[in-house]
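The block underneath contains the structure these notes are about, expressed in structure tokens.
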Amino acid sequence: MSDKQLLINSIVQSPTKITSIIGLAKNSGKTSFMNWLLEKSSFQKVGVITTGRDGEETDLVSNNKKPKVIVPKGTFFTTFEQEVSKHSGLIRVIGKLPYRVIGKQLWLAFSEAALEIEIVGPTSATEK
């Protein structure tokens, strides 16, 4: 078994992990890999965050179509109010956060069902 497969197996099988997916370029498959990992994992509690935007319809820089983020039922995530409204009844709002991205307030939410959604986060922990 390759080192890569051993790493993937250890992430997928562990119920308690903090996992980061980092890429050095746009459109390199980070969201697709995260969706695969969330689908295959046995994580008990899941929180999905980003430093930017993931799951938007179209990339604002390259104009390429983007995959939605697929969050499992029981996932905490941050997003915009428009996504909360779009999935009304399937999301429990935890609260508004003191962060803004592109001038819009960030919300902390919890998925009551599996969702295809856009997640958004500040570019730094000090950004408000």
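Predicted, not measured: the structure shown is a model, and the values here were computed from it.
- Counted within 6.0 Å of NZ on Lys73, heavy atoms from surrounding residues, nucleotides or ligands total 12 or fewer; the atom is thus considered open.
- Here the closest non-hydrogen pair linking Ser32 and Pro67 is OG-CG, 3.9 Å.
- The side-chain heavy atoms of Leu38 and Ile70, taken from C-beta on, include no pair separated by under 4.5 Å.
- A salt bridge links Arg53 to Glu118: one of the charged nitrogens lies within less than 4.0 Å of a carboxylate oxygen.
- Between Lys68 and Glu56 there is no salt bridge, since no side-chain nitrogen of the basic residue lies less than 4.0 Å from a carboxylate oxygen of the acidic one.
- Within the structure, the ring pair (Phe, Tyr, Trp, His ring centres under 6.0 Å) test picks out the following pairs touching residues 51-78 (sequence neighbours left out): Phe76-Phe110.
- Annotation: side chain of Asn35 is in contact with side chain of Val69 (closest heavy-atom distance under 4.5 Å).
- Taken to the nearest 0.5 Å, the OH atom of Tyr99 stands 11.5 Å off from the CD atom of Gln105.
- Val61 and Ile102 fall into different hydrophobic clusters, where Ile, Leu, Val, Met, Phe, Trp and Tyr side chains are chained together by heavy-atom contacts under 4.5 Å.
- Screening Ile49, Val93, Ile94 for a side chain to side chain contact (heavy atoms under 4.5 Å, CB included) with Leu108, the sole residue that qualifies is Ile94.
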**OP:** In sequence, state the C-alpha distance, the side-chain angles, and the governing distance for Glu57 and Lys65, and then conclude on side-chain contact (heavy atoms from CB on, under 4.5 Å).
**Re:** CA-CA 6 Å; Glu57 293 288 329; Lys65 185 160 175 53; 3.8 Å; yes
Subject >> Stepwise side-chain contact (heavy atoms from CB on, under 4.5 Å) check, Val71 with Val46 >> reply: CA-CA 9 Å; Val71 295; Val46 177; over 6 Å; no
